[in-house]
Novice: 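This is the structure, below, for whatever I ask next.
The sequence lines fix the lettering, A, B, ..., with proteins before strands; numbering per chain opens at 1.
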Protein chains: 2
Amino acid sequence: MDTSDTDGRAAADLTARARIRDAALAEFADRGFKGATFQTIADAAGVSTGLIRHHFGSKEGLRRVCDEHAIGTLLDQARSSLGAEAAEPGFMASVYAMGAASARYLARALVEGSPAATEMFDAGSDLAEQFLSATWPDRFPAGGAAVRDAAAVMGAMHLGTLVLHAHLSRRMGADSLDPANLPRTGAAIADIYALMGDYFTGAQGALITEAVASAAHGKDEEDRDE
Amino acid sequence: MDTSDTDGRAAADLTARARIRDAALAEFADRGFKGATFQTIADAAGVSTGLIRHHFGSKEGLRRVCDEHAIGTLLDQARSSLGAEAAEPGFMASVYAMGAASARYLARALVEGSPAATEMFDAGSDLAEQFLSATWPDRFPAGGAAVRDAAAVMGAMHLGTLVLHAHLSRRMGADSLDPANLPRTGAAIADIYALMGDYFTGAQGALITEAVASAAHGKDEEDRDE
DNA sequence: CACCAGGCTGAATGAACGTTTAGCATTCTG
DNA sequence: CAGAATGCTAAACGTTCATTCAGCCTGGTG
């Protein structure tokens, strides 16, 4: 993994190799793996397309390096945030603190599929599982099906704010990944949880839960041709 | 919009045109717009690539038809679910009731960008905004910045379970978009809201809110080269 | 100085793929 | 029945793009 905090890190990151990687991170995030081209990446990095091949071998190789760099940056960030609060809340904090470049890359990778994205989702779900079981052991017995489902859904919901950052930013009128705007997203999540809790513990909760269960039957899959 | 419930709908959907559209929906969802090829779509639909051009003009034209079909299916579904519960809970119910084909297409479109995806996100956020303001008018004054942010974040979190369905399915051990498994996701969301409410209204909530705010300063954007 | 290794360039190559074109078959229509 | 329109196929075309190749430049080393 080339995100180690060893000696030559900062210096090495000024090289053309690092510029290519950063440009690729941005292009993959914006246009996806297939949509990104050597030419655009090379232009953004201020190098020739030949140099990309020289350093990374192939487009797939470049993707792999981006993948490892992004997940490495996330894990570094998570570790440096005092391992104490390695629970769920801390995980999302790390995701947002890792920097926009890697975050946007991983956001897209979560949908296009990549080892790093899978690792990130699993890490979030694992931490959520620990958190839920530790906080409500009676409601969420460790290792049970209920925690597993809840943790996975919780991970998906939280990462949803990352993956859908473009839409979120549009609705909020500001870049949701800009550190200056993080408090707005954080406050919104806190508000939602605090208030929706009332809603779901009340009578409405039972109604909705029941409605969800019945919806599984009433559904009509229109358009079943062929 | 060709998802109207007019007379010839069902019959027309047995045509090659409909088969192409359905195959495109699936390919675009699986491989993305750029990753999908005429050949794969044509093979899946059992037609020649020339016929795609004949019916849709170009790849972009095919995408537009998929877009309109998917959002049309969603809106039809929302309308048919008794407009009464058109609030947020009903919106997500419609998303999951619209069928896996359109849902998976829109999941990917939400990240790659498309008019239909934007319309869907906005619809979800708008309904969330109405719901939040109507339910907690003192906490969320209608038209204020707090509701707007909370509604956008809520929309992102809920749609996160759609966009990240591949990861969710992997963790849950079953296809999260299969109607048979909807109760699991629904129950998980209900559990999360019911319990996290306790957490955030307690002392922890204040701590986390504060931590989020301070994190906006303490962040270090490593890797600022170039 | 001679030499060479590694960073780097730019054009050539070849495959993948969207698009175009020509034409066949079937079905309406007057 | 003539003929026009529609659904459809198959091959050719041209572009885009990842990959390859030949070689330049610079700095360090014997």
Novice: Not counting sequence neighbours, list each pair that qualifies as a salt bridge (charged side-chain N to carboxylate O under 4.0 Å, His left out) and has a residue in residues 49-64 of chain B.
Specialist: B:E60-B:R63
Novice: Does anything in residues 152-162 of chain A pair up under salt bridge (charged side-chain N to carboxylate O under 4.0 Å, His left out), and if so which pairs, sequence neighbours excluded?
Specialist: none
Novice: Counting only heavy atoms and a strict 4.0 angstrom limit, can you tell me which residues of residues 50-61 of chain A come near DNA chain C?
Specialist: A:G50, A:L51, A:H54, A:H55
Novice: Could you list the residues that satisfy ring pair (Phe, Tyr, Trp, His ring centres under 6.0 Å) with B:F38, not counting sequence neighbours?
Specialist: none
Novice: Tell me, which pairs form a salt bridge (charged side-chain N to carboxylate O under 4.0 Å, His left out) where one or both residues lie in residues 94-107 of chain A, sequence neighbours left out?
Specialist: A:D30-A:R104
Novice: How would you give the extent of chain A contacts on DNA chain D, as first and last nucleotide 5' to 3' within a 4.0 Å heavy-atom cut-off?
Specialist: D:dC17 to D:dT20
Novice: In chain order, what residues pass the ring pair (Phe, Tyr, Trp, His ring centres under 6.0 Å) check against A:H158, with sequence neighbours excluded?
Specialist: A:Y193
Novice: Using only heavy-atom distances, determine whether the side chains of A:D67 and A:S114 contain a donor-acceptor pair under 3.5 Å.
Specialist: yes
Novice: Go through the structure and list residues passing side chain to side chain donor-acceptor pair (under 3.5 Å) with A:Q39, not counting sequence neighbours.
Specialist: A:D43
Novice: Checking A:R170 now: which residues fulfil salt bridge (Lys or Arg N to Asp or Glu O under 4.0 Å) with it, not counting sequence neighbours?
Specialist: B:D122
Novice: Quick one: ring pair (Phe, Tyr, Trp, His ring centres under 6.0 Å) pairs with a partner in residues 97-126 of chain B, sequence neighbours left out?
Specialist: A:H167-B:F121
Novice: With a 4.0 Å heavy-atom cut-off, tell me which residues in residues 28-40 of chain A come close to DNA chain D, sorted by residue number.
Specialist: A:A36, A:T37, A:F38
Novice: The criterion is ring pair (Phe, Tyr, Trp, His ring centres under 6.0 Å); which residues satisfy it with A:F56, sequence neighbours excluded?
Specialist: none
